[in-house]
Participant: 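Just dropping this structure here.
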Amino acid sequence: LAPTPTDKSGTVGRARPAVTEDLRRNNLASLVRHLHLSGPLSRSNLTVRTGLNRSTIGDLVGELSAVGLVQETAPPSRAGAGRPSLVVSLGPGRVWALSIELAPETLVAARVAPGGRIEDRLAFQRDWQAHLAPEMAASVIADLARELIARAPRNARLVGAAAAVPGIVRREDGFVHLAPNLLWREAPFGSLLSGHLSSPHGVVVANEADLAALAESTRGAAVGCPNSIYISGNTGVGAGIIVQGSLLAGRSGYAGEVGHMKVNPGGRRCHCGGRGCWETEIGAAAILRRAGRKSKDLRPAVLQVLEDAGGGDAAASKAVRETVQWIGRGTADLINIFNPDLVVFGGNLREVVLASQRALRTEVRRHALPQAGAEANIVVSALGPDAALLGAAELGFSRFLADPVGVLAAAG
Ligand SMILES: [Zn+2]
């Protein structure tokens with residue numbers, strides 16, 4: 001028997017049913033996780049990746065196939081080759097995660113399949129300046145979720161749910177302390193949502209930048225980087241920080257509020273009560289303010305400033321240049337503190353950084369310590385506007401990925 005990465009007990013072969021059961025569950029989880037992260041894989045590839053032997057892989061695939069979680073197909077035939085190894089993939093439409101994203105302008109609910117494939121999505125557009133009570137948001141999302149459930153394939157089972165919120169969220173129970181761009185303070189959103197959805201396992205609520213960071217490191221720009229920082233900049237600015245492959249949560253899940261670093265002591269008042277926060281210098285409102293513009297639709301307006309700057313408009317160019325200087329200063333501080341492999345920019349900052357990558361690198365090098373500054377790559381989000389939604393799906397799938405057959409059975 002080949003040694004397996006999941007065999008930590010050292011008791012394989014002894015008559016200890018509980019241990020054997022644990023080992024089997026871990027092996028099933030390992031196989032499903034590989035397919036979830038890498039897509040379809042041949043049996044021989046799975047053997048290499050999991051460290052399990054061929055007959056064990058055959059047994060596990062058989063068990064997963066019996067409950068519809070995987071399917072096998074013959075690879076394209078090659079003349080002269082030996083008997084080809086069957087390709088294993090996660091069966092379509094068998095399980096899904098309910099992924100929710102709250103943004104100031106829109107509430108989104110999506111049916112996401114393993115492998116991070118968004119199979120269905122429903123959105124509720126709203127006036128971002130109008131107040132949206134947490135109870136109302138939970139009720140709207142529950143309606144969207146019910147419609148998604150009704151539209152899902154008959155055989156599909158919902159195995160988890162998570163929501164991304166642009167605010168300071170207590171991970172334990174999804175309590176939102178502050179979501180300034182939703183005008184929320186002290187909102188028990190996690191329990192409201194779980195109540196409305198009557199989900200047996202509740203809905204995990206997390207900060208949107210944290211979830212986007214998780215998605216980028218799982219299947220986006222930061223794959224293979226153990227240390228990365230995802231900086232999300234829209235109306236507000238936040239970060240998800242991955243340290244040694246794990247999301248930095250802090251004591252209660254509040255870590256990563258980089259938008260409130262006091263970068264400019266003489267700067268503007270921030271809605272958090274502080275002054276000169278990074279958000280007041282690099283958020284969407286700051287770019288528009290510098291360009292001398294006003295708009296209700298922040299994202300299109302920011303994109304217009306970038307386009308005009310590219311076309312030679314002096315005020316727009318100056319606005320972008322100054323904003324990039326502030327982005328560079330704050331990023332340099334983060335690089336000095338965390339020594340990441342990679343800094344990923346998302347939200348509106350994705351486009352700002354794309355338009356000024358060279359200027360930003362110069363600015364970062366000017367302010368960062370030479371060693372850490374030279375080691376950190378600066379890139380933009382590979383997943384774009386879906387990053388937080390896909391991160392919520394990863395969180396939604398976490399129980400399933402730990403025990404695929406058990407969680408499927410419990411889902412009926
Ligand atoms: Zn602030």
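Order of listing sets the numbers, starting from 1, for every ligand and every atom in it. Hydrogens, waters and symmetry mates play no part in the numbers below; they use all other heavy atoms, side chains included.
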Participant: State plainly whether the residues Arg299 and Glu105 are in salt-bridge range, i.e. N to O under 4.0 Å.
Facilitator: no
Participant: Considering residues, nucleotides and ligands other than Lys262, do more than 12 of their heavy atoms fall under 6.0 Å from its NZ?
Facilitator: yes
Participant: Taking everything shown except Arg268 itself, do over 12 heavy atoms lie less than 6.0 Å from its CZ?
Facilitator: no
Participant: Taking only residues two or more places apart in sequence or in another chain, which ones pass salt bridge (Lys or Arg N to Asp or Glu O under 4.0 Å) with Arg361?
Facilitator: none
Participant: Using only heavy-atom distances, determine whether the side chains of Glu208 and Ser232 contain a donor-acceptor pair under 3.5 Å.
Facilitator: yes
Participant: Indicate yes or no: does Arg54 engage Asp59 in a salt bridge with an N to O separation below 4.0 Å.
Facilitator: no
Participant: Keeping to distances under 2.8 Å, can you name the protein N/O/S atoms close to the Zn ion (ligand 1)?
Facilitator: His260 ND1, Cys270 SG, Cys272 SG, Cys277 SG
